**Q** 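Can you read through this structure? Questions will come right after.
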Amino acid sequence: MRTSQFPLFTLKEVPADAEIVSHRLMLRAGLIRKLASGLYTWLPWGLRVLHKVERIVREEMNRAGAVELLMPAVQPAELWKESGRWDQYGPELLRFHDRHGREFCYGPTHEEVITDLARRELRSYRQLPINFYQIQTKFRDEVRPRFGVMRAREFVMKDAYSFHLDEDSLAETYQQMYETYARIFTRLGLEFRAVQADTGAIGGRASHEFHVLAESGEDAIAFSDASDYAANVELAEALPPSGPRPAPTQPMQLVDTPGVRSIEEVSRFLGVPVERCLKTLVVRGDEGLVALVLRGDHTLNEVKAAKLPGVTAPLEMADDEEIRARLGAGVGSIGPVGLDLPLYVDHAAGHVADFVCGANVDGKHYTGVNWGRDLPEPETVDLRNVVEGDPSPDGRGRLHIVRGIEVGHIFQLGTKYSAAMKASVLDEQGRAVTMTMGCYGIGVSRIVGAAIEQHHDERGIVWPEPIAPFQVAIAPINWRKSQRVRETAERLYMALEEAGMEVILDDRDVRPGVMFADLELVGIPHRITVGDRALDRGVVEYQARREGDAIDLPLDAVVGHLRARPQR
RNA sequence: CGGGGUAUGGCGCAGUCUGGUAGCGCACCUGCUUUGGGAGCAGGGAGUCGGGGGUUCGAAUCCCUCUACCCCGACCA
């Protein structure tokens with residue numbers, strides 16, 4: 001390709017609304033343009049990258065024996081009503097009517113459609129297991145789209161759905177998909193981690209997420225420094241503290257704490273460390289309010305809390321009026337002593353002695369409170385998010401917390417959809433058996449953003465070789481005037497193309513600085529500079545995007561040199 | 001959903017408080033010069049000042065209203 005035929009749309013200045021580096025660089029490098037909130041056009045250079053990601057995903061899915069199909073993006077409401085998700089899914093599901101007034105949605109995921117297909121087409125256990133996949137555009141009406149293609153409303157996803165006669169078969173395919181995903185992200189040149197995950201809105205049992213590690217990631221993941229334990233912080237279990245609780249040393253006292261509300265204020269006002277201040281959160285439950293007690297330095301894990309019996313899922317915090325009406329005191333003065341609410345106490349909070357807590361009277365707190373003496377011994381549960389340094393739940397090592405971008409997610413669904421939609425096959429005995437399902441997603445367009453998040457420098461994108469829009473750029477200096485430069489560049493271009501490389505020849509008549517800046521911004525891994533100065537010495541210059549200095553190469557050595565480069 | 005902010009040539013911004021002929025940088029077009037790190041000179045084109053309504057002799061500027069986009073929050077005890 002030539003830049004005259006395959007134009008760059010690079011930007012010197014960044015549109016003001018781009019927040020994170022990958023979004024800025026995708027705009028500046030001319031990979032995408034925004035149409036509306038969460039909706040992006042893929043420009044030619046960006047589309048090349050997207051297609052490369054797709055190709056690797058497709059190759060590895062095919063290698064794993066999955067079969068590709070393509071389902072409609074628009075789906076009839078009936079199927080969603082059958083699965084029960086028409087009512088469950090909420091406003092993220094974009095719904096509309098056709099001219100006959102029939103209800104449809106734009107598919108955010110395809111369990112219903114594939115299950116409908118499977119129940120029609122699959123009759124016998126002999127057809128199982130089977131794993132269907134597609135690469136297709138999804139729409140999720142996100143509350144708050146942001147970060148460019150990382151959280152867009154319309155996005156490209158690879159979704160796969162497997163069907164099985166039994167759990168063992170599902171477990172086998174699940175494991176195979178786990179390995180396939182690891183291979184895909186390795187081939188893409190990304191630093192990633194597979195972690196145990198919550199099943200969320202899709203439902204089902206076992207589940208792993210694949211995260212590209214990056215500071216800007218929206219998820220926190222916890223992993224052990226001494227084992228292969230890794231989990232989304234949403235899920236990571238906080239173990240109860242070991243050893244006995246310290247014995248009480250203080251009497252319980254009611255103290256005035258006028259205007260003191262937050263844990264930090266309480267701690268400062270009373271001179272008690274935050275770890276010895278307990279906070280009491282009030283949430284809505286199936287029958288009125290429920291109180292959750294945590295250590296002041298810990299944060300509530302909403303996923304864990306929502307799973308507690310009697311607590312609403314998803315979790316809803318009670319508002320100030322509700323609390324005041326029920327307890328006679330405001331948020332900020334609530335505590336477990338004498339509290340007339342169902343109470344859940346976090347393991348760590350139940351292990352604190354001589355603690356401070358709200359007194360259920362405005363402007364008053366208790367100090368020196370002790371479980372089992374001033375209030376009943378609590379039964380403790382896991383309520384909090386793990387923090388850096390917590391013991392690993394598998395008993396080996398300590399947890400570290402890093403941030404990640406979720407790019408893949410695999411689930412063992414079980415029969416959630418197949419049962420609701422009556423998808424069964426006949427087994428060896430001729431009995432109808434509800435099929436067991438798995439599903440496996442990869443955020444194809446998100447990967448492009450995630451890759452940039454992980455691979456860039458101050459000059460722009462530094463693509464991993466396998467997904468670079470082109471492998472090699474030829475930068476001819478003084479293209480118009482120097483016939484020698486032009487002829488050499490053309491000859492090189494032909495030779496590299498013939499060698500099977502993807503080459504972009506920058507035949508714009510622009511000054512070298514402009515050319516170099518653009519080629520670095522768009523992140524081409526290898527650059528050959530052709531200029532009279534080097535040609536006088538009988539060479540051209542080779543510059544790797546991720547390395548410092550250029551080296552001289554004789555013309556006939558260029559193809560060999562590029563071939564010898566390790567794929568990264 | 002709640003809170004905050006922004007909207008002025010393609011992009012980035014000033015001008016708005018204090019009403020009086022719409023400006024700057026980059027980009028773009030033409031010509032000449034230039035060609036190893038985002039060139040120089042000269043000339044040029046391009047804006048319903050987000051939409052609608054109002055106040056006024058006069059509105060980018062003041063008032064009302066709508067829309068779009070962005071940010072923050074949805075752990076506060």
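In the text below, chain A, chain B and the rest are named by the order of the sequence lines, each starting its count at 1. Every value quoted in this text rests on a predicted model; they were computed, and no experiment measured them. Just so it is clear, the values below take in all heavy atoms, side chains as well, and ignore hydrogens, waters and symmetry mates.
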**Q** So does A:K481 pair up with A:D509, basic N to acidic O under 4.0 Å?
**A**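 The answer is no: the pair does not qualify as a salt bridge.
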**Q** Looking at A:D457 and A:R546, is there a salt bridge between them, counting it only when a charged N and a carboxylate O are closer than 4.0 Å?
**A**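 Answer for the salt bridge query: no.
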**Q** Report the base-pairing partner of B:rC62 (Watson-Crick or G-U wobble, both distances below 3.5 angstrom), or none.
**A**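 B:rG54 - that is the nucleotide pairing with B:rC62, both distances being under 3.5 Å.
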**Q** What is the distance from NZ of A:K34 to C1' of B:rG10, rounded to the nearest Å?
**A**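 Rounded to whole Å, this separation is 16 Å.
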**Q** Would you list the protein and nucleotides 74-76 of chain B atom pairs, both N or O, that sit under 3.5 Å from each other?
**A**
unit_1 : atom_1 : unit_2 : atom_2 : d
B:rC75 : OP1    : A:E302 : OE2    : 2.6
B:rC75 : OP2    : A:E302 : OE2    : 3.1
B:rC75 : O2     : A:K279 : NZ     : 3.3
B:rC75 : N3     : A:L300 : N      : 3.2
B:rC75 : N4     : A:T299 : OG1    : 2.7
B:rC75 : N4     : A:N385 : ND2    : 3.4

**Q** Using the P atom as the point on both nucleotides, what is the distance between B:rU18 and B:rU61, in whole Å?
**A**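 These two P atoms come out 14 Å apart once rounded.
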**Q** Now, which nucleotide makes the Watson-Crick or G-U wobble pair with B:rG45, with each of the two distances under 3.5 Å?
**A**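 Per the H-bond distance test, none.
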**Q** Is the phosphate of B:rC70, meaning OP1 or OP2, less than 4.0 Å from a side-chain N or O of A:S37?
**A**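 So the side-chain polar atoms of A:S37 do come within 4.0 Å of the phosphate oxygens OP1 or OP2 of B:rC70, strictly under.
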**Q** Which residues pass the side chain to side chain donor-acceptor pair (under 3.5 Å) test with A:R2, sequence neighbours left out?
**A**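 Applying side chain to side chain donor-acceptor pair (under 3.5 Å) to A:R2 gives A:E490.
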**Q** Using the ring of each side chain (for Trp, its six-membered ring), is A:W45 parallel, tilted or perpendicular to A:F6, with breaks at 30° and 60°?
**A**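 Answer is tilted, since the angle falls between 30° and 60°.
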**Q** So which nucleotide does B:rC32 pair with, by the Watson-Crick or G-U wobble rule with both distances under 3.5 Å?
**A**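 Its partner is B:rG40.
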**Q** Report yes or no: do A:T529 and A:E541 form a side-chain donor-acceptor pair below 3.5 Å?
**A**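 Judged by distance alone, the side chains do not pair up.
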**Q** Expressed as a whole number of angstroms, how long is the span from A:D297:CG to B:rA77:P?
**A**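 Distance, rounded to whole Å: 12 Å.
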**Q** Could you state the CG-C1' distance from A:L292 to B:rA77, rounded to the nearest angstrom?
**A**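 That distance rounds to 12 Å.
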**Q** Will you find, in the side chains of A:N478 and A:D532, an N or O donor that is under 3.5 Å from an N or O acceptor?
**A**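 Checked: A:N478/A:D532 side chains show no N/O donor-acceptor pair below 3.5 Å.
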**Q** Provide a list of protein-nucleic acid N or O atom pairs under 3.5 angstrom, restricted to nucleotides 3-9 of chain B.
**A**
none

**Q** Whole-Å distance between B:rG2 C1' and A:E316 CD?
**A**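 The answer, rounded to whole Å, is 15 Å.
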**Q** When you check every protein heavy atom under 4.0 Å of nucleotides 35-41 of chain B, what one-letter string (B, S, -) results, 5' to 3'?
**A** BBBBB--
**Q** With a 3.5 angstrom cut-off on both distances, give the Watson-Crick or G-U wobble partner of B:rC1, or none if there isn't one.
**A**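 With both distances under 3.5 Å, B:rC1 matches B:rG73.
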**Q** Salt bridge (Lys or Arg N to Asp or Glu O under 4.0 Å) with A:R268: which residues, sequence neighbours excluded?
**A**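 With sequence neighbours excluded, A:R268 shows a salt bridge (Lys or Arg N to Asp or Glu O under 4.0 Å) to no residue whatsoever.
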**Q** Strictly by Watson-Crick or wobble contacts shorter than 3.5 Å, is anything paired with B:rC26, and which nucleotide is it?
**A**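 Across all strands, the one nucleotide that pairs with B:rC26 is B:rG10.
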**Q** Please report the distance, rounded to the nearest Å, between CG in A:L8 and C1' in B:rA27.
**A**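 A:L8 atom CG is separated from B:rA27 atom C1' by 15 Å.
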**Q** Decide if atom CD of A:E388 counts as having more than 12 heavy atoms of other residues, nucleotides or ligands within a radius under 6.0 Å.
**A**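 Counting other residues, nucleotides and ligands, CD of A:E388 exceeds 12 neighbours.
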**Q** Do the side-chain N and O atoms of A:S207 and A:H409 include a donor-acceptor pair separated by under 3.5 angstrom?
**A**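 Yes - a donor-acceptor pair under 3.5 Å links their side chains.
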**Q** With rounding to the closest Å, how many angstrom separate the P atoms on B:rC24 and B:rC71?
**A**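 The answer is 32 Å between these two P atoms.
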**Q** Mind checking the P distance from B:rC76 to B:rG38? Whole angstroms is fine.
**A**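 Roughly 49 Å separates the two P atoms.
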**Q** Using the six-membered ring of A:W42, assess whether NZ or CZ of A:R48 lies under 6.0 Å from its centre and within 45 degrees of the ring axis.
**A**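 Negative - A:R48 is either too far from the ring of A:W42 or too far off its axis.
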**Q** Does a donor on one side chain and an acceptor on the other come within less than 3.5 Å for A:H526 and A:Y542?
**A**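 Yes, because at least one side-chain N or O of A:H526 sits under 3.5 Å from a partner of the opposite role on A:Y542.
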**Q** Do the numbers put A:R527 on top of the ring of A:F516, so that NZ or CZ is under 6.0 Å from the six-membered ring centre and no more than 45° off the axis?
**A**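 Positive - A:R527 is close enough to the ring of A:F516 and near enough to its axis.
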**Q** Can you tell me if A:E218 has over 12 outside heavy atoms packed within less than 6.0 Å of its CD?
**A**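 Atom CD in A:E218 is packed in, count exceeds 12.
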**Q** Cut-off 3.5 Å, side chains only: do A:T312 and A:D286 have a donor facing an acceptor?
**A**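 There is no such pair (donor and acceptor under 3.5 Å, judged by atom type) between the side chains of A:T312 and A:D286.
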**Q** Would you mind reading off the distance between A:L270 atom CG and B:rA77 atom C1', rounded to a whole angstrom?
**A**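 So the CG-C1' distance, A:L270 to B:rA77, works out to 14 Å.
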**Q** I'd like to know if A:E142 pairs up with A:R151 as an ion pair, taking the criterion as any Lys NZ or Arg NE/NH1/NH2 lying under 4.0 Å from an Asp or Glu carboxylate oxygen.
**A**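 A:R151 and A:E142: salt-bridged.
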**Q** Pick the P atom in B:rG53 and in B:rG58, then give their distance to the nearest Å.
**A**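 Result for the P pair: 15 Å, nearest Å.
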**Q** To the nearest angstrom, how far is A:D141 atom CG from B:rC1 atom C1'?
**A**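 Distance, rounded to whole Å: 13 Å.
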**Q** Are any protein N/O atoms closer than 3.5 Å to N/O atoms in nucleotides 22-25 of chain B? If there are, list each pair with its distance.
**A**
unit_1 : atom_1 : unit_2 : atom_2 : d
B:rG25 : N2     : A:E13  : OE1    : 2.8

**Q** Between B:rC1 atom C1' and A:E142 atom CD, what is the distance in whole Å?
**A**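 Taking CD of A:E142 and C1' of B:rC1, I get 15 Å after rounding.
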